[in-house]
Amino acid sequence: MRYLAILLLLPLAACATLSEDQCREGDWYAIGLNDGADGRSPDFIRNHAKACADYGVMPDRSLWEKGRQEGLALYCRPSRAWKEGARGRHLKPVCPPEIVPRLERANWRGLTYHRIGEDINDAERDISQINSELANLPADDPARGSLLSRRAYLRLQIVTLRAQRAHYRY
């Protein structure tokens, strides 16, 4: 049931401030749970305090922190560390020190997966560019040979990169 609450509150993580309704409803435990699941630091509550000050509402720090700590249990998992890396993000420094090495390994694998994906995208863009150039060249143009050779090389590179990337999948 708590995980359902997290999913329902995910839109809150997208912005640094809360709406007036969110401030007034003040489910600080749930807001903290969501913030923890997003890897927010303990001082993030200041953003909520600033957003809610206009409405005369102060966050309940103890409830928020209790929720945040529970949410960190979701964030500080190898699968989440990998997902952050796969999105090109480094893990935020909010996890217990004793599990950080394991999380950093998972995050590094995700970052490598992401980087290889970017390399694949670059090669695919280069192939598209080559295809455009080929379409504009006459059939007997001598430049076609080097473009065709380059395109074949890039296609082989993509196959190799995809195989490498599969190794870093979680």
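Treat the numbers as computed from the prediction; the structure is a model and nothing was measured.
Going from atom CZ of Arg162 over to atom CG of Asp119 covers 12.5 Å, rounded to the nearest 0.5 Å. Taken from CG in Leu137 to CG in Leu148, the straight-line distance is 9.5 Å, to the nearest 0.5 Å. Taken from CD1 in Ile116 to OG1 in Thr160, the straight-line distance is 11.0 Å, to the nearest 0.5 Å. Interatomic distance, CG of Asn34 versus CH2 of Trp64, reported as 11.0 Å (0.5 Å rounding).
Leu147 and Leu156 are not part of a single hydrophobic cluster, where members link through side-chain heavy atoms under 4.5 Å apart. Grouping the Ile, Leu, Val, Met, Phe, Trp and Tyr side chains by contacts below 4.5 angstrom, directly or via other members, places Val159 apart from Ile120. Taken together through direct or relayed side-chain contacts under 4.5 Å among Ile, Leu, Val, Met, Phe, Trp and Tyr, Val94 and Ile45 form parts of separate hydrophobic clusters.
Using a 4.0 Å cut-off between charged side-chain N and carboxylate O, Arg87 and Glu118 make no salt bridge.
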Could you walk me through whether Arg80 and Asp38 pass side chain to side chain contact (heavy atoms under 4.5 Å, CB included), step by step?
CA-CA 10 Å; Arg80 179 62 186 262; Asp38 199 36; 3.5 Å; yes
Residue pair Tyr75, Arg40: steps toward the side chain to side chain contact (heavy atoms under 4.5 Å, CB included) verdict
CA-CA 9 Å; Tyr75 181 78; Arg40 304 276 191 207; over 6 Å; no
I would like to know whether Leu18 and Cys52 meet side chain to side chain contact (heavy atoms under 4.5 Å, CB included); could you show each step before the answer?
CA-CA 7 Å; Leu18 302 175; Cys52 294; 4.1 Å; yes
Go through it in stages, so that I can follow the logic: the residues are Glu65 and Trp28, the test is side chain to side chain contact (heavy atoms under 4.5 Å, CB included), and I'd like the CA-CA distance, side-chain angles, deciding distance and then a yes or no.
CA-CA 8 Å; Glu65 183 59 29; Trp28 294 107; over 6 Å; no
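Summarising the local packing, OH of Tyr55 is surrounded by more than 12 heavy atoms from other residues, nucleotides or ligands at distances under 6.0 Å. Enclosure of atom CZ in Arg24 by more than 12 non-hydrogen atoms of other residues, nucleotides or ligands within 6.0 angstrom is indicated. Annotation: Lys66, atom NZ; neighbour count of heavy atoms from other residues, nucleotides and ligands within 6.0 Å does not exceed 12.
Looking at Ser149, its side chain never comes within 3.5 Å of a backbone N or O of Gly145 through a donor-acceptor pair. Between the side chain of Tyr170 and the main chain of Arg109, no donor-acceptor pair closer than 3.5 Å is present.
Judged as a salt bridge (Lys or Arg N to Asp or Glu O under 4.0 Å), the pairs with a partner in residues 127-156 (not counting sequence neighbours) are, in order, Asp126-Arg150.
Contact detail for Gly88 and Leu111: the closest heavy-atom pair is C-CD2, 3.8 Å. Residue Leu103 comes nearest to Pro78 through the heavy atom pair CD2-N, 3.4 Å, listed as atom of the first residue, atom of the second, then distance. Closest of all the heavy-atom pairs between Ala123 and Ile158 is CB-CG1, 3.6 Å. The heavy-atom pair separating Ile31 from Gln22 by the smallest distance is CD1-O, 4.3 Å. Nearest heavy-atom pair, Pro42 versus Arg68, reported as atom, atom and distance to 0.1 Å: CG-NH2, 3.3 Å. Of all heavy-atom pairs spanning Asn107 and Leu91, the tightest one is OD1-N, 3.3 Å.
With Val100 as the partner, the side-chain contact (heavy atoms from CB on, under 4.5 Å) test is satisfied by one option alone out of Glu104, Glu98, Arg102: Glu104.
Taking the six-membered ring wherever Trp is involved, the centroid distance between the rings of Trp82 and Tyr113 falls below 6.0 Å.
Counted by atom type alone, Asp43 and Ser41 present one or more donor-acceptor pairs between their side chains at under 3.5 Å.
Leu161 places none of its side-chain heavy atoms less than 4.5 Å from the side chain of Arg165.
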